[in-house]
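What follows is a single structure, written as structure tokens, with notes after it.
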2 protein chains.
Amino acid sequence: MANTRDDVVSGALRVLDAFGLEFCSMRRVASELGVQPSALYHHVPDKQTLLALMADRIVAGVEVGDDPAKAAHALREAMLAVRDGADVVATASAFRLGDSRIENELAELTTPDLARTLLLYVFGHTQATQMHRQAAQIGILAEDPDLDASFARGLDLILR
Amino acid sequence: MANTRDDVVSGALRVLDAFGLEFCSMRRVASELGVQPSALYHHVPDKQTLLALMADRIVAGVEVGDDPAKAAHALREAMLAVRDGADVVATASAFRLGDSRIENELAELTTPDLARTLLLYVFGHTQATQMHRQAAQIGILAEDPDLDASFARGLDLILR
DNA sequence: ACCTGAACACCGTTCAAGT
DNA sequence: ACCTGAACACCGTTCAAGT
């Protein structure tokens, strides 16, 4: 029945997807795992580290390949697949500007400056998209039907 | 002695600049103003709204003018001038994608797509810069001396 | 190694009541 | 109109102790 570090990350991602970042507390993750809050600190030094591990897992399946535009779309899809995924990944990535796997792979494919610019754009646009869609779902905002196309056009602007 | 809504925003910005977003709680803002936490809710419906008002104030002095690159630099400077300013402004702006003053003015100067791309890039790069510098100050990270130049090069990439 | 139980120092927000 | 006082339902984290 003993949990591993990966179990903790999985539990945290389930809580994130079900309740959103706002309610993804250490206490909720613990109760998702059927364990006391303090037990989590055996696997992870603090919440920030747990969030970084969650971010890694969210983008784990993203292959950069040989087409920057395709890579950008893949990254975007991976983040949109989890509730508040863009927020989690963007925040964690800002902390390691210049030494994330994806930024490095993109830099080899193009240039360091383009890689960073592209990545920041993808994060920003996807974060905004996800927030906007959530607000629309609650009915606070009218849904903008053009966000996917807006993303593609901005991407073209950068890669042109 | 009675506070106004503007006093609350000013107090909140003082707390933000002194302690950072993490510690900018309603309770601290209240104590900065010498008032009970509950008193804030007379001026502001919730913390999110207060943060949006703070964001407006941070970028209030930014003039778009007739040069997109200059506008981008001005926006960046305004956000860097306040501790965690980029975080506050970026989060608030994601909520109103497509109807912020600066995005609209930039859109008239260029095109809607370019305005949005530019804005998201400025937010992303400035957020990362600010985080990175804070981490460097605490000694967690080696300072990257090139962040200002990196910003300018990315800007060129987009505006070219 | 993995976890419990209890504690510490906090949160945002509501609401009746005061002036 | 502006604020107090008290309460409610939470936080992240630490630490001695159990198995």
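Source: prediction; values computed, not measured. Quick note on labels: first sequence line is chain A, next is B, and so on, each numbered from 1.
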Which whole-number value in Å describes the distance from A:L40 CG to D:dT14 C1'? 13 Å

Whole-Å distance separating the CD atom of A:Q48 from the C1' atom of D:dT13: 14 Å

Without decimals, in angstroms, what is the distance between A:Q36 CD and D:dC15 P? 18 Å

Can you identify which nucleotide, out of C:dG12, C:dC2, D:dT13, has its nearest atom closest to the B:K47 side chain? C:dG12

A:L51 atom CG is separated from D:dG12 atom C1', nearest whole Å, by 12 Å

State the OG1-CG distance between A:T129 and A:L80, to the nearest 0.5 angstrom. 6.5 Å

Candidates D:dT13, C:dC3, C:dT13 - which lies nearest the side chain of A:P37: D:dT13

Taking a pair as Watson-Crick (N1 to N3 plus N6-O4 or O6-N4) or G-U wobble (N1-O2 and O6-N3), both under 3.5 Å, which stems of 3 or more consecutive pairs involve DNA chain C? C:4-8 with D:12-16, C:12-16 with D:4-8

Can you measure A:R28 atom CZ to D:dC11 atom P for me and round it to whole angstrom units? 6 Å

Classify the side-chain pair A:H43/A:T4 by whether it contains a donor and acceptor separated by less than 3.5 Å. no

Contact check, side chains of B:T110 and B:L159, non-hydrogen atoms, under 4.5 Å: no

Whether the side chain of A:D46 engages the backbone of A:T49 through a donor-acceptor N/O pair (distance < 3.5 Å, no angle test) should be reported. yes

Sticking with atom C1', work out how far D:dA17 lies from C:dC2, rounded to a whole angstrom. 13 Å

Donor on one side chain, acceptor on other, B:D7 and B:S10, under 3.5 Å: no

Tell me whether the OP1 or OP2 atom of D:dC3 has a side-chain N or O from B:N3 closer than 4.0 Å. yes

Touch class at under 4.0 angstrom, heavy-atom based, for B:S38 against every strand present: base

Identify, between B:G34 and A:D46, the residue whose nearest nucleotide on DNA chain D lies closer to the 5' end. B:G34

So is B:R28 actually on top of B:F19's ring, under 6.0 Å and inside 45° of the axis? yes

Honestly, is B:R76 close enough over B:F151, meaning NZ or CZ under 6.0 Å from the six-membered ring centre and within 45° of the axis? yes

Heavy-atom nearest nucleotide on DNA chain D taken for B:T4 and for A:R27; more 5' hit belongs to B:T4

Between C:dC10 and D:dA9, how far apart are the P atoms? Round to whole Å, please. 22 Å

What integer distance in Å separates B:F19:CZ from C:dC10:C1'? 15 Å

What's the closest nucleotide to the B:Y41 side chain, out of D:dC2, C:dG12, D:dG5? C:dG12

Report yes if some heavy atom in the side chain of A:F123 is under 4.5 Å from a heavy atom in the side chain of A:L75; otherwise report no. yes

Just the rounded figure in Å: distance from P of C:dT4 to CG of A:L33. 10 Å

Check whether any side-chain nitrogen or oxygen of B:H43 sits under 4.0 Å from OP1 or OP2 of D:dA1, and answer yes or no. no

Please determine, for the side chain of A:H42, which listed nucleotide (D:dT4, C:dC2, D:dT13) has the closest atom? C:dC2

Atom pair distance, as rounded to whole Å: CZ in B:R5 and P in D:dC2: 12 Å

